[in-house]
Amino acid sequence: MADSTTRSKQDIETEITAARQRLADNVAGLINQVHPKAVLQRSIDDARGFAATEFASAKAQVIDENGQLRTERVLLLGGAIAGMVTFVLLVRGILKNARRG
């Protein structure tokens with residue numbers, strides 16, 4: 001009486017061949033995944049995605065849904081830049097005077 005779990009030599013060889021192929025595919029995938037060029041390309045893609053997202057976010061701060069400039073935001077940004085430039089010039093002047101005297 002033959003057991004229903006008994007496999008033929010051909011079945012076993014087929015399974016081993018399939019397992020070898022899966023293993024080879026997995027190893028090839030791992031090699032491609034950790035290859036320096038692949039890592040570099042993923043880093044570049046991530047940086048591009050991040051830059052595009054940040055650009056869209058910054059653009060949305062100064063341009064509304066209709067494509068119109070948000071003048072209050074632009075004026076606020078301009079005022080902040082002017083304040084920063086004034087601050088830097090004042091600190092520079094103070095440091096310059098402190099060195100002389």
Side-chain angles (χ1 to χ4, degrees):
M1 204 150 87
D3 187 23
S4 64
T5 60
T6 303
R7 299 180 301 168
S8 70
K9 181 179 175 183
Q10 182 64 34
D11 291 341
I12 294 170
E13 287 175 354
T14 302
E15 283 183 31
I16 290 172
T17 301
R20 267 193 203 128
Q21 187 58 48
R22 284 192 308 271
L23 181 60
D25 291 344
N26 288 341
V27 169
L30 285 172
I31 289 171
N32 287 336
Q33 190 175 13
V34 298
H35 192 279
K37 286 185 179 181
V39 172
L40 176 64
Q41 188 60 48
R42 277 195 308 276
S43 297
I44 290 170
D45 293 343
D46 289 347
R48 283 183 180 156
F50 176 76
T53 301
E54 291 301 312
F55 177 77
S57 176
K59 184 178 176 183
Q61 294 295 320
V62 294
I63 297 178
D64 66 12
E65 308 81 39
N66 301 322
Q68 299 295 318
L69 198 60
R70 294 181 178 180
T71 54
E72 71 281 356
R73 296 276 176 101
V74 174
L75 291 174
L76 184 62
L77 182 60
I81 291 171
M84 186 171 51
V85 169
T86 302
F87 176 75
V88 168
L89 291 175
L90 283 172
V91 169
R92 184 177 171 199
I94 291 170
L95 292 175
K96 198 175 193 180
N97 285 337
R99 287 184 193 151
R100 278 196 228 157

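Please read these numbers as outputs of a predicted model, since none were measured by experiment.
Under the 4.5 Å side-chain heavy-atom criterion for grouping Ile, Leu, Val, Met, Phe, Trp and Tyr, F87 is connected to L95 within one hydrophobic cluster. In the hydrophobic clustering of this structure, I81 groups with L89; members are Ile, Leu, Val, Met, Phe, Trp, Tyr whose side-chain heavy atoms approach within less than 4.5 Å, directly or through other members. Hydrophobic cluster membership differs between L76 and M84, with clusters built from Ile, Leu, Val, Met, Phe, Trp and Tyr side chains linked at under 4.5 angstrom. In the hydrophobic cluster analysis, where Ile, Leu, Val, Met, Phe, Trp and Tyr join through side-chain heavy atoms closer than 4.5 angstrom, V74 is grouped together with I63.
For the atom pair I31 CD1 and N26 CG, the distance stands at 11.0 Å (nearest 0.5 Å). Taking CZ of R42 as the start and CG of D45 as the end, the distance is 9.5 Å to the nearest 0.5 Å. With values rounded to the nearest 0.5 angstrom, D11 atom CG is found 10.5 Å from T6 atom OG1. A distance of 11.5 Å separates CG of D46 from CZ of R48, quoted to the nearest 0.5 Å.
A search for side chain to side chain donor-acceptor pair (under 3.5 Å) contacts involving Q61 returns R73, not counting sequence neighbours. Applying the side chain to side chain donor-acceptor pair (under 3.5 Å) criterion to D25, with sequence neighbours excluded, gives Q21. For E15, the salt bridge (Lys or Arg N to Asp or Glu O under 4.0 Å) partners two or more places apart in sequence, or in a different chain, are R7. Applying the side chain to side chain donor-acceptor pair (under 3.5 Å) criterion to N32, with sequence neighbours excluded, gives no partner residue. Under the salt bridge (Lys or Arg N to Asp or Glu O under 4.0 Å) criterion, R70 pairs with E65, sequence neighbours left out.
The main-chain N or O of G49 is found under 3.5 Å from a side-chain atom of T53 such that the two form a donor-acceptor pair. In this structure, D64 contributes its side chain and N66 its backbone to a donor-acceptor pair below 3.5 Å.
Two residues are said to be in side-chain contact when any heavy atoms from C-beta on lie closer than 4.5 Å; Q41 and K37 fail this criterion.
Taking a 4.5 Å side-chain heavy-atom cut-off between Ile, Leu, Val, Met, Phe, Trp and Tyr, the cluster of L40 extends to I44.
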